[in-house]
> 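Below: one structure in structure tokens.
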Amino acid sequence: MSYQVDFEPLGRRLGVGRGVSILTAAQQAGVGLVSICGGKGTCGRCQVQVLEGQLSPLSETEAKNLTPDELASGYRLACQAEVLSDLRLHIPPHSLTATQRTQVEGRELTVPIVPVVVGCDFRLSPPTREDIRSDVDRMRDHLALLDYGDLIIDFAVLRQLSTQLREWGWSGTVGLRGREVVSFGPLGRKLLGLAVDLGTTKLAGYLVELQTGRTLAAAGAMNPQIAYGEDVMARIAYAMEGEEQAATLREAAVGAVNDLAHTLCTQSGHLPEEIVEAVVVGNTAMHHLFLGLPVRQLGLAPYLPAVSDALDLKAREVGLEIAPGGYVHLLPNIAGFVGTDHVAMILSTKIYEAEGTVLGLDIGTNTEVVLRAKGRLIACSTASGPAFEGAHIKDGMRAAEGAIERLRITASGVEYQTIGDAPAVGICGSGVLDAVAQLRQLGVLDERGNMGDHHRVRRTQHGPEFVLVAAGEGGNSGDVVITRGDVGEIQLAKGAIRAGINILLDEAGLSAQDIDQVIIAGAFGTYIDVSSAIVIGMFPPLALERFNQVGNAAGMGAKLALVSREQRARAAEVARQVEYIELTNDRRFVDEFARAMYLK
Ligand code: FES
């Protein structure tokens, strides 16, 4: 007897025999589930939610590893539960291995699609001896008949128009942005949009069909500016060295967006000139560096942006290689350290209209925190540093093949899972977070982060380190360790984040227990084990059901602004509504930060 198993939101479906475990079914369907214990039922990480269908009765192991709330919500452990009927399962992001989480992030948009640029197909009657109107008049008159009014034609479009009209037999598709013709292509050409989240460390890009809002391709890339400084302040300092340095950073950012656009187009069989509108979001420093705006005032107290308004600029003026008449739209930013990416995140998560008390975090090199409480939106930004990207961690690495992404320390050793199930070559941010949490729970680390004795702890001239994987174990070639210094890096990062959360709560006159929901955005935030983040005190100790890991919400917000005029207007309202707190001036910050560094 064979049953259909649907894995949502990945859209994978597979027929399996009765009694097969969900973990096996997932593996056969190419769904990468986290399974640190290898299916023994002890790690509790392979959670899936049953939406429809029947599974084997709850095992004792599951009852022990799942909370009453999780059980009530239909959660089961994939390695324990067996298929007894057709099934529809929801796979939460935290149960997916890194390689697959990006697919979940490509979810389709759910707003009415009303893009700023609309396409209009036309067929003109060719000129005759009696009809000697200019090419532009001919097209304008025709489009006026179709109710497109009095048109302005972009100069770059005008330059190509006459040749192309003849080449395409007096027919074509124009892209209209209000009254302006911004593109001209062969009849039936689809208009495309590009949404980019320009992060300090990474970029994420989406190619979208403007008419339908459908995502045609999604891709990520490293921000090449990293060669000139790891964090925002280092980049600003570099740009302040002179015009040449500022131009280098601008060209690096623009070049990276152009490369990403090419990659997306190659992936989906399109051409960059089919992109008629782009939306780029990023923190305020990335926004300014991308546009070539001065950043000196951003780097010096009181850290002011040059401009906070939304901007509509000709893409060619910025250096973007899309349709020559196309525009790039930049959402408004809020302050020197809370940029358009945060506005995009608030937009896509709808925190602005949430009932109750909702905390939103976009974790990155800078972590933006927003609190929706008592009808207010209060935000701050905190320098959490690049440790979560694996930087400044002895064996740290990006979330790439061979990185330990999840781990558990048991009496018998260290159980771990690597990205791509490859031999361990290092550890990425989510793995480091797990390691610190596990070592704290075992008592190997004290509250201050000092490392005590354990048979896996060795003392080196640089201080103590805990051996997670010894050379030769599991086919890896070298050791993977966590040092006292690594623990300190995580303490700094998580201390900054928790201090930001506490100050916003204080501002609203609330305590952590008043938080109804925590929304965690950003690639790193999606990968982490929330319970580890709670153990080390990065997040307040709330029931796990109150946490919602939503992936790249800034990228989603950029997509919304790309396909919906209403969402663009909403973004402007959100930016106006946010009350910003500058932590560097805040008298509470030093104490809160010092307290939040402890591993409580
Ligand atoms: Fe299912 Fe570990 S793989 S509990």
Side-chain angles (χ1 to χ4, degrees), residues 5-8 10 12 14 16-17 19-51 53-84 87 89-101 104 403-424 427-428 430-431 433-435 437-438 441-442 468-469 473-474 526-535 544-545 547 549:
V5 183
D6 280 314
F7 295 90
E8 293 184 3
L10 292 164
R12 299 276 164 86
L14 178 84
V16 294
V20 168
S21 82
I22 294 180
L23 185 61
T24 307
Q27 282 159 352
Q28 287 174 4
V31 174
L33 285 182
V34 176
S35 52
I36 303 177
C37 69
K40 285 189 259 161
T42 55
C43 71
R45 304 295 167 85
C46 59
Q47 296 180 3
V48 297
Q49 189 183 20
V50 184
L51 302 175
Q54 208 193 346
L55 290 167
S56 54
L58 196 74
S59 70
E60 264 180 44
T61 324
E62 289 177 283
K64 215 166 68 193
N65 276 294
L66 294 165
T67 65
D69 281 345
E70 284 167 348
L71 290 170
S73 307
Y75 278 94
R76 300 288 301 267
L77 293 181
C79 65
Q80 302 297 303
E82 292 168 0
V83 178
L84 296 186
L87 283 173
L89 302 172
H90 173 257
I91 315 296
H94 60 257
S95 293
L96 285 169
T97 54
T99 35
Q100 226 148 38
R101 278 183 289 243
V104 179
I404 297 176
E405 56 169 343
R406 292 287 170 93
L407 67 85
R408 229 168 59 106
I409 304 171
T410 64
S412 55
V414 180
E415 292 174 344
Y416 61 89
Q417 176 148 357
T418 60
I419 296 175
D421 284 327
I427 186 161
C428 65
S430 57
L433 206 65
D434 278 0
Q438 294 279 301
Q441 279 184 316
L442 280 174
L468 294 169
V469 187
E473 260 178 37
T526 309
Y527 302 168
I528 58 171
D529 184 334
V530 170
S531 48
S532 290
I534 292 174
V535 166
L544 290 181
E545 302 77 57
F547 291 85
Q549 292 163 283

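One-based numbering, in listed order, for ligands and for the atoms of each. A quick note: this is a predicted structure, and the numbers were derived from the prediction, not measured.
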> Would you mind running through ligand 1 and noting each atom that sits below 4.0 Å from a heavy atom of Cys79?
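Listed by number with element: 1 (Fe), 3 (S), 4 (S).
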> List ligand 1 atoms under 4.0 Å from Ser35, heavy atoms only on the residue side.
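Taking each heavy atom of Ser35 in turn, ligand 1 has 3 (S) under 4.0 Å.
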> Give a yes/no on ligand 1: does Ala78 have at least one heavy atom closer than 4.0 angstrom to it?
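So Ala78 does not count as touching ligand 1.
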> What are the two closest heavy atoms between Cys37 and Thr42, and how far apart are they?
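Here Cys37 and Thr42 meet closest at CB-OG1, 3.1 Å.
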> I'd like to check which ligand 1 atoms, numbered from 1 as shown, lie under 4.0 Å from a non-hydrogen atom of Cys37.
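Counting from 1, the qualifying ligand atoms are 2 (Fe), 3 (S), 4 (S).
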> What is the minimum heavy-atom distance between Leu58 and Ala63, and which atoms define it?
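Of all heavy-atom pairs spanning Leu58 and Ala63, the closest is CD2-CB, 4.1 Å.
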> For the residue pair Asp529 and Ser531, confirm or rule out a side-chain donor-acceptor distance under 3.5 Å.
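Side-chain D/A pair, Asp529 to Ser531: present.
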> Can you name the nearest heavy-atom pair linking Leu55 to Ala81, along with the distance?
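Looking at all heavy atoms of both residues, the closest pair is CD1-CB, 4.0 Å.
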> Would one find an N, O or S atom of Cys46, in either backbone or side chain, under 2.8 Å from atom 1 (Fe) of ligand 1?
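Yes, Cys46 qualifies, because one of its backbone or side-chain N, O or S atoms lies under 2.8 Å.
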> Grab the two heavy atoms, one from Leu51 and one from Glu8, that are nearest each other, plus how far apart they are.
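Looks like CD1-OE1, 3.6 Å.
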> With a cut-off of 4.0 Å, which atoms of ligand 1 are near a heavy atom of Gly41?
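With Gly41 as reference, the close atoms of ligand 1 come out as 4 (S).
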> So which protein heavy atom does atom 4 (S) of ligand 1 come closest to, and at what separation?
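Answer for atom 4 (S) of ligand 1: Gly44 N, 3.2 Å.
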> Taking 4.0 angstrom as the limit and counting only heavy atoms of Gly39, give me the atoms of ligand 1 inside it, by number and element.
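Answer for ligand 1: 3 (S).
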> Whether the Ser59 and Glu62 side chains hold a donor-acceptor pair (N or O, under 3.5 Å, no angle test) is what I'd like checked.
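Yes, side-chain donor-acceptor contact under 3.5 Å.
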